[in-house]
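Before any comments, here is the structure.
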Amino acid sequence: NAGVTQTPKFRVLKTGQSMTLLCAQDMNHEYMYWYRQDPGMGLRLIHYSVGEGTTAKGEVPDGYNVSRLKKQNFLLGLESAAPSQTSVYFCASSYYSGRSGANVLTFGAGSRLTVL
Amino acid sequence: GDSVTQMEGPVTLSEEAFLTINCTYTATGYPSLFWYVQYPGEGLQLLLKATKADDKGSNKGFEATYRKETTSFHLEKGSVQVSDSAVYFCALSDPGGSYIPTFGRGTSLIVHP
């Protein structure tokens with residue numbers, strides 16, 4: 001199984017351009033997440049989804065939009081890129097193990113975005 | 001809300017040294033606790049977990065014990081190798097809360113030959 005696949009792996013944008021990062025998982029997971037990783041800041045949650053057709057805001061949602069039209073895909077969009085969005089973006093997914101279970105995430109390899 | 005605090009790095013050790021990375025947490029319920037590892041150029045992957053008090057998670061020579069009385073989940077390894085050089089993240093998920101994991105800021109470990 002491929003697990004969680006992110007495309008593209010690298011992208012350079014100019015300020016004001018738009019783009020979409022694609023995340024695909026083949027584990028039939030209900031939950032999917034988008035994080036950004038910046039030096040000294042750890043992982044910060046941008047948006048997440050608890051099922052097909054649903055999305056919710058995380059810790060740092062401004063400037064990003066997401067969609068989950070199919071259970072296996074979670075798209076992250078930047079409508080008007082800014083230099084502050086230069087970062088490494090990670091997608092993750094997990095299955096719902098119930099209120100007594102542990103929520104274990106499976107991560108993709110990351111997408112490095114540079115905004116000039 | 002829930003939070004995770006882990007020691008700042010980098011932690012620099014010689015091969016075969018003993019490793020401890022401290023992690024403490026704040027949660028309203030009874031969280032599950034995790035350590036994830038990120039090798040250079042890769043995504044995070046689960047290293048070990050514990051779901052209730054006094055549980056010990058272990059994997060690849062690493063161990064961590066869920067200490068409810070001190071709200072801690074410190075990561076230890078008796079003898080580190082160069083290949084253990086990576087960034088380590090402590091995390092929790094609170095089944096009684098939002099269920100969405102909360103991560104610490106990560107601790108970089110550098111092991112020299």
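Treat the numbers as computed from the prediction; the structure is a model and nothing was measured. For the numbers below, each heavy atom of this structure counts, side chains included, while hydrogens, waters and symmetry mates do not.
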If I take atom CG from residue A:N103 and atom CG from residue B:L92, how far apart are they, to the nearest 0.5 angstrom?
11.0 Å

Under a 4.5 Å side-chain heavy-atom rule over Ile, Leu, Val, Met, Phe, Trp and Tyr, are B:I100 and B:Y36 clustered together?
yes

Path from A:F107 to B:L46 over hydrophobic side-chain contacts below 4.5 Å
yes

Show the nearest heavy-atom pair for residues A:F90 and B:G43, with the distance to one decimal.
CE2-CA, 3.4 Å

Find out if a path of hydrophobic residues (ILVMFWY) with successive side-chain heavy-atom gaps under 4.5 Å connects B:Y25 to B:I21.
yes

Is A:Q6 in contact with chain B via its backbone, its side chain, both, or neither, using a 4.5 Å heavy-atom distance?
neither

Measuring from A:L43:CG to B:R105:CZ, what's the distance to the nearest 0.5 Å?
11.5 Å

Looking at B:K49 and A:A102, what are the two nearest heavy atoms and their distance?
CD-CB, 4.2 Å

Using heavy-atom distances under 4.5 Å, tell me whether B:Q6 contacts chain A through its side chain, its backbone, both, or neither.
neither

The reported gap from CZ in B:F89 to CD in A:Q37 (rounded to nearest 0.5 angstrom) is 4.5 Å

Heavy atoms from other residues, nucleotides or ligands near OH of B:Y39 exceed 12 (cutoff 6.0 Å):
yes

Segment of A:L105 engaging chain B (4.5 angstrom heavy-atom cut-off):
both

Treat each ILVMFWY residue as a node, draw an edge where side-chain heavy atoms are under 4.5 Å apart, and state whether A:Y48 and B:Y99 are in one component.
yes

Do B:L109 and B:F103 belong together in a cluster built from hydrophobic side chains that touch within less than 4.5 Å?
no

